[in-house]
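Counting starts at 1 for both ligands and their atoms, in listed order. What you see below is based on every heavy atom in this structure, not just the backbone, and it leaves out hydrogens, waters and symmetry mates.
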Amino acid sequence: MKKEAVIALSGNPNSGKTTLFNALTGARQHVGNYPGVTVEKKVGVYTAGNARIRIVDLPGTYSLTAYSLEEVVTRDFLVNEKPDLVIDIVDASNLERNLYLAVQFLELGVPLCIALNMMDVAKSRGIEINVERLRTLLGVPVVPTVARTGLGKRELMETAEKAAALGPPPLRISYGDDLDRALMEMEKEIQAHCFLTDTYPAHWVALKYMENDEQILAKGRAVDPELSKRLEQVVLKVSDHLMATTGNYPEALIADQRYGYIYSILKQGVLSRRTDQHRLYHSDTIDKVLTHRVMGPLVMLLIILGLYHFTFTYSKIPVAWVEGLFEWLGALTVATIPEGMVRSLLVSGIIDGVGGVLSFVPLIMMMFFGIAVLEDSGYLARMAFMLDRVFSLFGLHGSSVMAYIVSGGIAGGCAVPGVMATRTLRSPKERLATLLTAPFMNCGAKLPVFALLIAAFFKENEALFMFAITLVSWTGALAVAKLLRVTVIRGEPTPFVMELPPYRFPILKGLLIHTWERTWQYIKKAGTVILAISILLWALMSFPRLPASERATVLAQLKPAASADTSAFENASEEERLRNADAALGEAALRYSVAGRIGVALERISRLAGFDWRVNIALIGGFAAKEVVVSTLGTAYSLGEIDVEESLPLSEKLAASPGWRPLTALSLLLFTMFYTPCFITVVCISREAGSWKWGIFSMIFNTILAFVLAITLFQAGRFLGY
Ligand code: BGO
């Protein structure tokens, strides 16, 4: 450290700051006021050997918001004077509350050292603190002290000298999905316009806007009123939304998450007896069961199984209604529009394609409702907390759990926000391993594929099947993560702290809004992206059209050869013969189309996994968006369909189709789980990983992996006679 370095002492009132200041500076101190305000400013000098360190005693404060003069003075000093180090004096006997300020220093990214003061008081109250663990989890030096006797003073200053100017990167806490998304949007704008970033980190400015910080708002308005207004509008929008869904303002939720972060640190073996029940009240009691080492995981598995049971059981009737609606629409179109390309586009391309995806809306909606209950009650964070123990074994980080869950870890998420959620991971290697494996989760787009195959072949055990799919995808993702972490992305694991907000009773209105928002996204995607891709794939499956000469060949093949037994052919009614001819022509036309030819060409290798050319077309379409697997199968089976008036739901068509059996469905399930992420996710992976290399890697690696798994399953199944 350079001579005459500056160290600022900060801490909550009564944490022992003055006592420590006096112990460090002795008589070498003077008292004045901070410029412009009548808050006492004490400056002293600490000398040891050659080193002379100027020590500034900051006013005692609980927080770094701009509610009080003390807070503003402390904050201004830190950002304007930029001391070499801040020593935060933390009252060890009141750890949870005191760490709130430390967390804010970490968020601001100042070089920090913690003096864990009043260790004697803590000890006398039976509180034991694992200092080493606290140091690891916070990522900054922590030195136990008793300021009153001077114990630990020398070690504190030695550590401070070494730690000075080595600030960790600003801490990023997850404040929940809604706030995180808004903060990310604001941060991007702030960075793009270098808005106040000469003084503060961009994320911190966004956070202060979200906390309605008067001082930062005033500065922002003065610097760039236009941008400030845009940021305030983002805040207003998310505030209204949070008020409607949680009944809380962003400030309150942010404070909750900070306490959740601290609570999580203390729960990880830092504190062996807590006397500070400030905010833990009922959460701590509930957590004794729900995050218990043995009972916790059991309860978690039961909850997930219960969720699937609820979803599949109660969505059956509404799914049948929606299917009925699309069947009726199909029949109506057939009855009113004459046969031809327009009718084919409407019935096979749009109604059977998009209808297949939309008929799962009730199921998706119920799944989202269940997940909203878990999320709004605070339980989802506990799941992540418990899974951290497992994750570290596989070279991942506890924060990876949230990225997995957002990607569809339970079911029905999306890999795009999941991949972006990895931004909270500080270690680049753990982050890369997470963003490459998060797409193995069962996103909302894969859900209709699973639901379709389960409905067609495994109707009796729907919830158990979905549960098994979840376990397989998690196992696969973790195994791949481990493989990556011991090969291409080698590196040490970093400690983890998960925010554990207090448990809350979810507000019904909030649950409904969250459910509807996500369901609406699904419907919107079906009505736009999926519709467009369905039309494109319908065209690829319809053109070029079967020439007359080929039609004649197909029809000729239907007639039995003169030497063959002709009785069956002759006994068939005229109607049956027509049906057979139509079916054969439909299939021949589909095979003749562009998509059909690609599907047929791939069949030679895809057969090994049990996939015929129709499935190949669907899987290629699935690269655009996974729902397209369902819509394409819908179109493919509709184009070859004989009797449109009596059209069956797709699941029944598959079940009745000769090329399909449960083993084929299982193989397709496995392939869909693991093959290439959709196009948008690949773009997102490339952007977040900083190179197209990783996007392309995920496409190729995942598809090969999926194919190997599907072939192994299919061939093993066949060998065993299934
Ligand atoms: C009185 N251990 C113990 N046991 N006490 C400590 C320690 C420690 O490590 N550090 C400080 N204290 P401030 P702020 C007092 O003043 O430095 C005590 O606000 C008393 N006063 O001695 O003032 C310290 O600057 C009569 O206690 O804190 C002080 O951060 C009876 O914590 C108090 C008992 O310290 C606050 C205590 C007339």
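- Contact detail for His241 and Ile513: the closest heavy-atom pair is CE1-CG2, 3.7 Å.
- Proximity of the aromatic rings of Phe391 and Tyr404 is defined here by a centroid distance below 6.0 angstrom, and this criterion is met.
- In this structure, Glu96 and Leu266 have side chains that are in contact, with non-hydrogen atoms separated by less than 4.5 Å.
- Note on residues 115-144: no pairs pass ring-ring contact (aromatic ring centres under 6.0 Å, His included), not counting sequence neighbours.
- Look at Glu688 and Arg431 and you find a salt bridge, because one of the NZ, NE, NH1 or NH2 atoms lies within 4.0 Å of a carboxylate O, short of that distance.
- Residues lining ligand 1 at a heavy-atom distance below 4.0 Å are given as Asn12, Pro13, Asn14, Ser15, Gly16, Lys17, Thr18, Thr19, Asn117, Met118, Asp120, Val121, Val146, Ala147, Arg148, ordered by chain and residue number.
- Rounded to the nearest 0.5 angstrom, Met210 CE and Ser239 OG are separated by 7.0 Å.
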